[in-house]
Engineer: 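To start, I am sharing the structure in question, which I have written as structure tokens.
Only heavy atoms go into these numbers, but all of them, side chains included; no hydrogens, no water, no symmetry mates. In listed order, ligands and their atoms are each counted from 1.
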Amino acid sequence: MKTVVKFGGSSLASAEQFKKVAAIVHADEDRKFVIPSAPGKRFSADKKVTDMLYVCYAKAKAGEDFSQELKLIKERFQDIIDGLELDLSLAEEFSRIEQDFKDHKGTNYAASRGEYLNSLIMACYLDYEFVDAAEVIRFDDSGNFDAETTNQILSARLEPLERAVIPGFYGSRESGKVKTFSRGGSDITGSIVARAVKADVYENWTDVSGFLIADPRIIDSPEVIETITYRELRELAYMGASVLHEEAIFPVRREGIPINIRNTNAPEDNGTWIVESTCQKSRYIITGIAGKKGFCAVNIEKDMMNSEIGFGRKVLQAFEDHGISFEHMPSGIDTLTVFVHQDEFADKEQKVTAAIHRLAGPDSIEIEGDLALIAVVGRGMKSTQGTAGRIFSALATEHVNIKMIDQGSSELNIIIGVADEDFEAAIKAIYELFVA
Ligand code: ADP
Ligand code: ASP
Ligand code: MG
């Protein structure tokens with residue numbers, strides 16, 4: 001059996017956390033491949049090392065003195081080394097990093113050093129081999145992750161190794177230039193490694209006991225989801241349930257490797273299993289709730305729209321021409337609404353409106369901002385009647401005005417649009433209705 005284990009930033013924020021991690025790794029000899037993140041926050045007002053690196057490099061790039069910022073980063077790592085009583089010096093690494101910062105080696109390179117250094121410490125502490133992600137995770141020249149080349153290089157490199165530590169979050173282009181994934185990307189690295197070594201399980205260790213039915217920052221101690229499918233998780237992750245990076249399911253999904261979300265601070269908890277398919281019923285009709293603020297609805301009206309062939313295409317063309325992707329597009333007989341991200345759309349709204357008029361000739365266009373979208377997700381909804389109706393009445397009782405409700409054709413999710421200011425109240429009402 002082979003297990004790949006990824007540890008998030010808060011699981012590796014201090015020497016104390018490193019000790020918990022080592023105990024977890026040693027508790028099961030199948031835990032052979034370890035993917036560390038950079039040190040995260042030790043307490044809520046603390047800074048993540050990745051954020052410190054971005055700030056430090058921005059100064060270097062601007063030609064300013066960055067010695068103070070770099071010193072604080074050194075101290076974070078030195079504290080861990082001292083706390084673990086390791087015979088390891090990062091002095092040479094830091095002189096190289098300092099020089100590379102002076103040489104403007106790039107923001108991606110700078111950000112990647114948190115995972116790189118933390119993994120050197122982890123490899124030394126566990127006495128595992130260190131394999132640099134820059135050698136084995138490959139991006140193409142346009143900066144897109146190259147899954148197949150990576151899989152070949154990585155599986156060949158790891159094949160002869162019994163155990164190894166591979167830093168999360170980054171890889172390199174063919175030219176050797178370091179490139180990172182988007183924030184939270186160590187989850188993706190763990191999944192890529194699990195695929196390459198054909199792991200039996202990909203364990204993702206974090207600071208919560210699994211995927212929770214709702215965001216713990218909104219709902220007080222929400223229940224843990226025992227089992228969730230990749231598809232359900234994708235819907236929730238996309239809508240902001242940030243436990244696992246939304247792209248992290250793709251590499252393992254193609255191999256059918258289950259992901260187990262676990263809590264470094266409570267390793268005895270079973271956590272959440274993310275699987276391809278299951279006959280296990282979820283405890284409630286819904287599996288989870290997630291949502292995001294900051295959307296804009298563009299309502300387009302035209303009499304007899306429904307009988308006009310190509311109307312929708314012309315409207316979407318206007319968005320496409322301005323490089324704006326749409327999120328949802330519910331429609332009525334004479335109306336069509338396009339939901340877009342407000343931050344992408346705000347600067348271009350007048351141009352897009354003009355383009356819609358020009359291309360599709362609608363009667364009127366109305367824009368409404370500051371909206372939130374909430375996804376209620378569950379494989380159990382398919383076999384249950386009246387779910388949307390129950391959500392309607394629960395929200396009405398809480399005086400939340402529903403701007404939009406859209407049931408996906410898979411019957412796996414219901415998307416609800418509300419005002420940003422009603423976001424938290426709406427999530428609470430839905431949670432109360434199905435779970436509490
Ligand atoms: P890591 O640093 O281990 O990668 P993250 O901060 O990326 O951890 O993800 C874990 C955090 O995700 C939790 O601490 C929690 O605040 C947040 N979170 C948001 N939605 C959920 C959810 N539905 N279930 C669990 N955690 C959630
Ligand atoms: N350290 C990186 C970040 O803060 C990647 C990760 O933690 O997954 O985004
Ligand atoms: Mg994360």
Engineer: Please list, in number order, the atoms of ligand 1 under 4.0 Å from a heavy atom of Lys6.
Structural biologist: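 Within the 4.0 Å cut-off of Lys6, ligand 1 contributes 4 (O).
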Engineer: Determine whether Asn118 and Met122 satisfy the following criterion, side-chain contact (heavy atoms from CB on, under 4.5 Å), listing intermediate values before the conclusion.
Structural biologist: CA-CA 6 Å; Asn118 226 20; Met122 181 62 82; over 6 Å; no
Engineer: Find the distance between CG (Asn108) and CZ (Phe169) and round it off to the nearest 0.5 Å.
Structural biologist: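 Answer rounded to 0.5 Å: 7.5 Å.
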Engineer: Would you say Ala290 contacts ligand 1, with heavy atoms under 4.0 Å as the rule?
Structural biologist: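 It does not, in that no heavy atom of Ala290 comes within the 4.0 Å cut-off of ligand 1.
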Engineer: Identify the protein heavy atom lying closest to atom 21 (C) of ligand 1, giving its residue, its atom name and the separation to 0.1 Å.
Structural biologist: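 Among all protein heavy atoms, the one nearest atom 21 (C) of ligand 1 is Val243 CG2, 3.5 Å.
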Engineer: Return yes when Ser37 approaches ligand 1 closer than 4.0 angstrom through a heavy atom, no otherwise.
Structural biologist: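 Contact absent.
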Engineer: Under a 4.0 angstrom heavy-atom cut-off, which atoms of ligand 2 come close to Arg183?
Structural biologist: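 The atoms of ligand 2 under 4.0 Å from a heavy atom of Arg183 are 3 (C), 4 (O), 9 (O).
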Engineer: Think Lys292 forms a cation-pi with Tyr238, using NZ or CZ under 6.0 Å from the six-ring centre and within 45 degrees of its axis?
Structural biologist: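 Relative to the ring axis of Tyr238, which defines the angle, Lys292 lies inside both limits.
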Engineer: Which protein heavy atom lies closest to atom 6 (C) of ligand 2, and at what distance to 0.1 Å?
Structural biologist: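 It is Ser186 OG, 3.4 Å.
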Engineer: Which part of Val208 is near ligand 1, with near meaning a heavy atom under 4.0 Å away: side chain, backbone, both or neither?
Structural biologist: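 It is the side chain that gets close, since no backbone atom is under 4.0 Å.
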Engineer: List the closest protein heavy-atom neighbour of atom 23 (N) of ligand 1: residue, atom name, distance to the nearest 0.1 Å.
Structural biologist: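 Protein heavy atom with the smallest distance to atom 23 (N) of ligand 1: Leu212 O, 2.9 Å.
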Engineer: For atom 13 (C) of ligand 1, what is the closest protein heavy atom, and at what distance to 0.1 Å?
Structural biologist: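 The protein heavy atom lying closest is Asp207 OD1, 3.5 Å.
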Engineer: What part of Pro216, side chain, backbone, both or neither, has a heavy atom within less than 4.0 angstrom of ligand 1?
Structural biologist: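 Looking at Pro216 and ligand 1, just side chain atoms fall under 4.0 Å.
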Engineer: Taking the six-membered ring of Phe139, is the NZ or CZ of Lys179 close enough (under 6.0 Å from the centre) and on axis enough (within 45°)?
Structural biologist: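 Verdict for Phe139: a cation-pi partner in Lys179.
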Engineer: Which residue and atom name correspond to the protein heavy atom nearest atom 8 (O) of ligand 1, and how close is it?
Structural biologist: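 It is Thr206 OG1, 3.1 Å.
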Engineer: Just checking, is any N or O donor in the side chain of Asn204 or Asp187 under 3.5 Å from an acceptor N or O on the other one?
Structural biologist: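 There is such a pair between these side chains.
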Engineer: If the plane angle is over 60° it's perpendicular, under 30° parallel, otherwise tilted; pick one for Phe295 and His341.
Structural biologist: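 It falls in the tilted class, 30° to 60°.
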Engineer: Nearest heavy atom to atom 7 (O) of ligand 1 wins, so pick from Gly8, Ala237, Ser242, Ala248.
Structural biologist: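 That would be Ser242.
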Engineer: Under 3.5 Å, is there a donor-acceptor pair between the Asn265 and Gln17 side chains?
Structural biologist: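 Distance-only check passes for Asn265 and Gln17.
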Engineer: Report, in ascending order of atom number, the atoms of ligand 1 lying under 4.0 Å from any heavy atom of Gly210.
Structural biologist: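 Atoms satisfying the 4.0 Å criterion: 25 (C).
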Engineer: Measuring from non-hydrogen atoms of Gly185 to any atom of ligand 2, is the shortest distance under 4.0 Å?
Structural biologist: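 Distance cut 4.0 Å: Gly185 passes for ligand 2.
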Engineer: Tell me whether Gly184 reaches ligand 2 (any heavy atom closer than 4.0 angstrom to a ligand atom).
Structural biologist: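 Checking ligand 2 against Gly184, which is what was asked, there is a heavy-atom contact under 4.0 Å.
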Engineer: What residue and heavy atom of the protein are closest to atom 7 (O) of ligand 2, and at what distance?
Structural biologist: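 That would be Ser37 OG, 3.6 Å.
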Engineer: Can you confirm whether the side chains of Tyr431 and Asp220 place a donor and an acceptor under 3.5 Å from each other?
Structural biologist: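 The criterion, which ignores hydrogens and geometry beyond distance, is not satisfied for Asp220 and Tyr431.
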Engineer: Report yes if some N/O of Gly9 lies less than 3.5 Å from some N/O of ligand 2; otherwise report no.
Structural biologist: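 By distance alone, the answer is no.
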Engineer: Does the Arg379 side chain pair with the main chain of Ser277, one donor and one acceptor, at a distance under 3.5 Å?
Structural biologist: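 Not confirmed, Arg379 side chain does not pair with Ser277 backbone.
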Engineer: How about Phe94 and Phe101: are their ring centres within less than 6.0 Å of each other?
Structural biologist: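 Between Phe101 and Phe94, which both carry aromatic rings, the centre distance is not below 6.0 Å.
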Engineer: Identify, by atom number and element, the atoms of ligand 2 in contact range of Glu115, meaning under 4.0 Å from any of its heavy atoms.
Structural biologist: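 Those atoms are 1 (N), 2 (C), 5 (C), 6 (C), 7 (O).
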Engineer: May I ask you to establish whether Arg113 and Tyr116 are in a cation-pi arrangement, using a distance under 6.0 Å from NZ or CZ to the six-membered ring centre and at most 45° from the ring axis?
Structural biologist: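 Yes, Arg113 sits over the ring of Tyr116.
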Engineer: Geometry only, no angles: is Thr50 polar-contacting ligand 2 at N/O separations under 3.5 Å?
Structural biologist: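 Yes, since at least one N or O of Thr50 sits under 3.5 Å from an N or O of ligand 2.
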Engineer: Around atom 19 (C) of ligand 1, find the nearest protein heavy atom and jot down its residue, atom name and distance.
Structural biologist: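 I find the closest protein heavy atom is Arg217 NH2, 3.2 Å.
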Engineer: What's the shortest distance from atom 2 (O) of ligand 1 to any protein heavy atom, and which residue and atom give it?
Structural biologist: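 Its nearest protein heavy-atom neighbour is Gly9 N, 3.3 Å.
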Engineer: Taking atom CD of Gln68 and atom CZ of Phe66, what is their separation to the nearest 0.5 Å?
Structural biologist: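 Answer rounded to 0.5 Å: 12.5 Å.
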Engineer: Hey, is the main chain of Gly210 close enough, under 3.5 Å, to the side chain of Thr272 for a donor-acceptor pair?
Structural biologist: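 Between the backbone of Gly210 and the side chain of Thr272 there is no qualifying donor-acceptor contact (under 3.5 Å).
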